[in-house]
Amino acid sequence: MSAVARRYYERGRSALESGDLESAQEALRAALDLAPAFGNARVAYAVALARAGDCPRAASVLRAGLGRVSSPISAAAIHATLGDVLTLGGDFFGAEEAFQTAAQTPGFEVRVASGLARVYARLGRYRDMAAQLRRAAQPR
């Protein structure tokens, strides 16, 4: 990854944290144009899109990145973020599948459990939601 892509990423993350979604999208898109396999930039760009209300595009950006991942951890992060985006967009069954895929990677147990709890709450599956919340709250 180039230093220029890293600078665009840092600029985009900063804009995202300050709530400047338009600048964040612009910088993060530039980072992805320069380094398409840059997983952190892809996730941050999708978050910026989702926060701006464009969940379908955010999901597409994440799905496009699955073929370019450099590690299983990066793939799990993309799947977990895809689950968040799909939940926000109302595709609860797609979100459930994305979270379950992320769950296959060690280290994502809490993120997956909390995501699945949100999905199950939206689906009215309150027993499953409670089980996932217990799982997320367990000490590691």
Side-chain angles (χ1 to χ4, degrees):
M1 167 188 25
S2 73
V4 176
R6 170 67 69 188
R7 279 196 300 268
Y8 275 117
Y9 168 72
E10 295 298 334
R11 191 175 304 149
R13 285 287 305 177
S14 178
L16 186 59
E17 289 171 9
S18 70
D20 183 359
L21 298 178
E22 188 174 319
S23 295
Q25 289 176 38
E26 184 178 314
L28 293 165
R29 185 176 44 247
L32 276 181
D33 288 344
L34 292 169
F38 191 177
N40 289 344
R42 185 169 298 280
V43 167
Y45 182 44
V47 168
L49 289 168
R51 285 187 186 171
D54 196 351
C55 291
R57 188 166 162 214
S60 293
V61 165
L62 291 166
R63 286 184 176 117
L66 288 171
R68 295 185 159 116
V69 294
S70 58
S71 72
I73 291 175
S74 185
I78 289 175
H79 276 105
T81 305
L82 179 60
D84 291 334
V85 166
L86 292 174
T87 300
L88 185 62
D91 181 0
F92 305 123
F93 296 110
E96 180 181 28
E97 183 179 325
F99 283 125
Q100 288 172 343
T101 302
Q104 297 172 9
T105 303
F108 282 83
E109 297 85 5
V110 173
R111 176 134 185 234
V112 166
S114 64
L116 285 172
R118 287 191 311 277
V119 168
Y120 294 149
R122 299 279 180 95
L123 291 172
R125 294 170 51 186
Y126 300 113
R127 286 186 184 159
D128 292 333
M129 176 198 73
Q132 292 300 323
L133 287 174
R134 279 192 297 277
R135 183 173 290 145
Q138 289 177 347
R140 303 278 167 225

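Only this structure's heavy atoms are used, side chains among them; waters, hydrogens and symmetry mates stay out.
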Got more than 12 heavy atoms from elsewhere within 6.0 Å of CD, E109?
yes

Might you point out which heavy atoms bring A5 and A31 nearest each other, and give the distance in Å?
O-CB, 3.5 Å

Do L32 and L28 belong together in a cluster built from hydrophobic side chains that touch within less than 4.5 Å?
yes

Counting only heavy atoms not in R135, do more than 12 fall under 6.0 Å of its CZ?
no

Name all residues meeting the side chain to side chain contact (heavy atoms under 4.5 Å, CB included) criterion together with Q100; count only those two or more places apart in sequence or in a different chain, and write none if there are none.
E96, Y120

Is it true that L116 and F108 fall in one hydrophobic cluster, defined by side-chain heavy atoms closer than 4.5 Å?
yes

Applying side chain to side chain contact (heavy atoms under 4.5 Å, CB included), name anything that partners P56, two or more places apart in sequence or on another chain.
D54

Side-chain hydrophobic cluster, 4.5 Å single linkage: members besides Y8
V4, L34

Does V110 offer a backbone N or O that forms a donor-acceptor pair with the side chain of S114 under 3.5 Å?
yes

For residues 20-27, which side-chain N or O atoms pair as donor and acceptor with protein atoms under 3.5 Å away, sequence neighbours left out?
unit_1	atom_1	unit_2	atom_2	d
D20	OD1	S23	N	3.3
D20	OD1	S23	OG	3.3
D20	OD2	S23	OG	2.7

On a heavy-atom basis, which atom in A46 and which in A58 lie closest, and how many Å separate them?
O-CB, 3.3 Å

Is there a side-chain contact between Y9 and R42 in this structure, where contact means two heavy atoms from C-beta onward sitting under 4.5 Å apart?
no

I'd like to check the side chain to side chain contact (heavy atoms under 4.5 Å, CB included) partners of A103; sequence neighbours left out, ordered by chain and number.
V112

Taking the side chain as every heavy atom from C-beta outward, state whether R68 and F38 have any pair of such atoms under 4.5 Å apart.
no

Of all the heavy-atom pairs spanning V119 and F99, show the shortest one and how long it is.
CG2-CE1, 3.9 Å

Heavy-atom closest contact (Q104 atom, P106 atom, distance):
O-CD, 3.7 Å

To the nearest 0.5 Å, what is the distance between CZ on R122 and CE on M129?
12.0 Å

Show me the donor-acceptor pairs, under 3.5 Å and distance only, between side chains in residues 72-95 and residues at least two apart or in other chains.
unit_1	atom_1	unit_2	atom_2	d
H79	ND1	A75	O	3.0
T81	OG1	A77	O	2.9
T81	OG1	R111	NH2	3.1
D84	OD1	R118	NH2	2.4
D84	OD2	R111	NH2	2.9
T87	OG1	G83	O	2.8
D91	OD1	G94	N	2.9

